[in-house]
Structure formats: C-alpha cells, structure tokens
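Lettering follows sequence order; numbering is per chain, from 1.
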Amino acid sequence: MPELPEVHGYKVYIDSTSLHKTITSFDCRDTKLLKKPKEAFTEYLLNEQLTGTERIGKYLFLKTSGSKILVMHFGMTGRPNYYKDEDDRPKFGHIVLRFDNGFHFAFENKRKFGWWDLTDSIEDYRQEHDLSIDARKLSLEDFKNSLNNRKTHIKKIIMDQSVAAGVGNWMADEILYQAKIHPEKKVEDMSEKHIETVFDAMKKVIEVAIEHDAHYNDFPNDFLMHFRKEGATCHHTGAEIKKMKVGGRSTYFSPEWQEL
DNA sequence: TCACGTGTTGACTA
DNA sequence: CTAGTCAACACGTG
C-alpha cells in the first residue's frame with residue numbers, strides 16, 4: 001500500500017503508539033529484511049526507546065534514545081501493527097519489537113520487499129540514497145531544477161525518488177490525470193506552465209490523500225482512483241480508461257482528457 | 001498455470 | 001560520470 005500518504009499515516013500511528021517505551025526484545029524471522037547484521041539491530045535497539053519519527057517520501061526514520069536512527073521502508077506490502085498479546089503476532093509480522101509495557105510492534109511485510117536499516121544521520125542517508133526533499137515540502141523551484149535536462153516521459157520523472165520523494169505508481173497516475181497531462185509527455189516538450197500544473201496537481205493529490213487518511217474510497221469523485229482500471233469510464237469525458245506500460249509500470253489514463 | 005502488482009536495487013547500455 | 005532500461009527480489013491473488 002505505501003506511498004507517501006500511507007507512510008504518513010504509519011508515522012502518525014507509530015507516534016501515537018510506540019514512542020518512549022523501552023525495547024526489551026528484537027525478533028526477526030528473515031534477515032533478508034535487514035540491511036545490517038542482526039546483531040547490530042540488537043545492539044542498538046535493546047534497552048533503548050523510540051523517541052520520535054521523521055518521514056522523507058516513503059522512508060520512515062525512527063529516532064532512538066541510543067546512538068543510531070532506525071530506518072524503515074515498507075516496500076509494496078508493509079505496515080506497522082501495535083498489539084498486546086504474544087499470540088496476536090500477525091501472520092506476516094516478520095520483525096517484532098517488544099516493549100516493557102508488554103505490547104509489541106510488528107513490521108508486517110507480506111511480500112518481503114520492505115526492510116530495516118540503521119543510520120547516524122537522516123540528512124546523510126537522504127543524500128546517499130538519492131532522495132529529494134519530501135514531495136510534500138518540495139518547492140516549485142526544486143521541482144523545476146530536477147526536471148532540467150531530463151528527456152524521458154513525465155510519469156517516469158515524477159516517480160523518480162530523487163525528483164519527488166514519496167510519489168509512487170498510483171499517485172503518478174492520479175497527478176497526471178488531475179493535471180490533464182498524458183503520462184508519455186516528454187519533459188523536454190513541456191512548457192513552464194505545464195510543469196507548474198503538474199507540480200500543483202502533485203501537491204493537491206498529496207494533501208487530499210492525507211486528508212482522507214489514504215482511504216481511496218473517500219477521495220473526491222473526479223479522482224482517477226475510483227475508475228483506475230482498464231475500460232472504466234472517465235469522469236470527465238465518459239470515454240474509456242486505457243492501460244499501458246510507462247517506465248515499466250502499469251499506467252492508467254484517459255486519452256482524450258490527458259494531452260500528449 | 002500464468003500474469004500481475006501500491007517499490008527499490010543493481011547490472012547493463014548508450 | 002549520467003540517464004535510461006530492465007530484470008530480480010517474494011508471494012498472494014485472480
């Protein structure tokens with residue numbers, strides 16, 4: 001599930017459940033999900049507390065009372081789950097922290113594309129991993145600068161985490177639908193005005209999604225999410241929604257509505 | 001059985 | 001070195 005709005009929700013969830021409790025155990029069933037040796041996580045997390053969170057795009061940083069910052073990425077199927085009884089460990093809760101109040105924090109990850117890492121500095125980590133400023137805070141100037149010299153399709157560009165950290169596949173489709181721009185429009189063929197339109201649509205989609213807690217069903221009626229499937233009916237034109245591959249990802253769009 | 005998917009990474013090519 | 005493409009990763013779903 002997680003693109004920017006979902007990860008934002010996870011952050012709020014973790015802030016309200018899992019901070020300021022001493023970690024009494026760390027359990028990981030599959031070390032593929034760890035970017036550092038298991039022992040490092042035990043060493044830096046045990047007897048420490050989570051003290052605060054920060055999100056950049058789809059990456060979540062959990063500050064601790066110890067000397068390291070825990071980094072989480074949820075992949076395509078991840079979510080946090082705070083629960084009480086040992087027996088309630090979720091089926092895909094591959095990594096679990098136990099707190100001194102008896103509660104547990106599970107990192108659920110059905111497809112195991114998510115992972116945990118440790119770092120010393122959020123800012124260094126951001127730069128080493130080619131992440132832009134979080135898309136929600138990104139300025140128009142930053143956005144224009146990153147688009148400079150790029151030659152490929154606009155959809156690919158806005159999904160690039162070094163351009164707009166947090167935008168994923170469904171958001172990219174939604175942004176371009178709102179902006180009335182075809183996903184295969186080449187960035188070099190776009191006017192300043194076009195770029196600003198995409199930027200404004202990105203901001204709008206992010207805020208609307210966060211406002212509705214990333215519950216797609218509650219989005220406004222003219223949002224692509226409601227008819228983002230092949231052959232569905234475009235809210236504006238009444239024509240069929242088409243599907244194609246752009247940048248290797250399934251892309252849904254409304255041909256007459258979105259200008260190439 | 002087979003293709004597909006809300007994401008990232010690394011190998012490879014120009 | 002940079003931009004872009006593509007397969008790989010894991011596994012449930014239709």
Side-chain angles (χ1 to χ4, degrees), chain A residues 1-11 28-36 55-61 71-80 90-95 107-117 119 125-132 134-135 145-177 183-189 202 205-206 208-210 212-219 223-231 242-253:
Chain A
M1 314 201 146
E3 292 186 28
L4 188 156
E6 288 93 340
V7 180
H8 171 83
Y10 298 167
K11 170 180 156 58
C28 176
R29 291 198 296 226
D30 188 342
T31 52
K32 275 206 235 1
L33 301 181
L34 304 178
K35 299 266 191 186
K36 298 270 191 317
R55 183 189 58 71
I56 302 177
K58 306 164 195 169
Y59 293 67
L60 196 58
F61 298 86
V71 188
M72 271 179 209
H73 194 291
F74 295 91
M76 295 220 266
T77 54
R79 65 177 179 196
K91 187 172 175 199
F92 301 107
H94 299 308
I95 308 178
F107 181 75
E108 287 191 52
N109 223 265
K110 192 155 52 175
R111 273 175 70 191
K112 298 186 179 173
F113 280 7
W115 43 258
W116 285 20
D117 199 355
T119 189
Y125 198 90
R126 183 181 79 76
Q127 290 181 21
E128 284 161 17
H129 292 259
D130 289 323
L131 294 176
S132 75
D134 183 69
N145 284 339
S146 335
L147 264 56
N148 210 19
N149 294 326
R150 301 297 292 264
K151 300 209 179 338
T152 192
H153 308 304
I154 182 64
K155 161 142 183 186
K156 184 134 195 334
I157 298 297
I158 59 176
M159 277 185 33
D160 185 334
Q161 300 302 293
S162 70
V163 172
V167 175
N169 201 33
W170 78 252
M171 282 183 75
D173 284 359
E174 188 66 68
I175 289 164
L176 295 174
Y177 182 77
E184 280 186 309
K185 183 112 181 160
K186 295 274 184 62
V187 175
E188 52 191 333
D189 297 334
M202 174 175 84
V205 170
I206 291 171
V208 167
I210 287 177
H212 295 283
D213 299 321
H215 294 153
Y216 312 143
N217 291 341
D218 299 338
F219 287 6
F223 266 53
L224 177 67
M225 289 312 293
H226 297 298
F227 38 92
R228 186 173 175 272
K229 50 178 178 275
E230 201 167 15
K242 298 287 184 201
K243 178 184 179 183
M244 68 192 300
K245 290 265 184 205
V246 180
R249 311 288 300 193
S250 288
T251 299
Y252 299 85
F253 70 108

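- Residues A/G248 and A/N149 both approach DNA chain C. Their nearest nucleotides, taken by heavy-atom distance, put A/N149 toward the 5′ side.
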Atom pairs under 3.5 Å: protein N/O with N/O of nucleotides 8-12 of chain B:
unit_1	atom_1	unit_2	atom_2	d
B/dT8	OP1	A/H73	NE2	3.0
B/dT8	OP2	A/K58	NZ	3.1

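- A sub-4.0 Å separation between OP1 or OP2 of C/dT2 and a side-chain N or O of A/R150 is absent.
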>> Please determine whether side chain to side chain donor-acceptor pair (under 3.5 Å) holds for the pair A/Y252 and A/W170, giving the CA-CA distance in whole Å, both sets of side-chain angles, and the decisive distance to 0.1 Å.
In response: CA-CA 9 Å; A/Y252 299 85; A/W170 78 252; over 6 Å; no

> DNA chain B in dot-bracket, Watson-Crick or G-U pairs under 3.5 Å, [ ] crossing, | other strand?
Replying inline: .||||.||||||||

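- Taking the six-membered ring for Trp, A/F107 and A/F74 have ring centres closer than 6.0 Å.
- A/K151 comes within 4.0 angstrom of the backbone, heavy atoms only, and of no base.
- A donor-acceptor pair is defined here as one N or O able to donate and one able to accept, closer than 3.5 Å; no such pair exists between the side chain of A/E174 and the backbone of A/F223.
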Write out a two-atom table: protein N or O, nucleotide N or O from nucleotides 11-14 of chain C, distance below 3.5 Å.
unit_1	atom_1	unit_2	atom_2	d
C/dC11	OP1	A/K112	NZ	2.8

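- When side chains are defined from C-beta on, A/W116 counts as touching A/L34, because their heavy atoms get closer than 4.5 Å.
- Side-chain N/O atoms of A/K245 include one lying less than 4.0 angstrom from OP1 or OP2 on B/dG5.
- For the pair A/L33 CG and C/dA10 P, the interatomic distance rounds to 10 Å; values are reported in whole Å.
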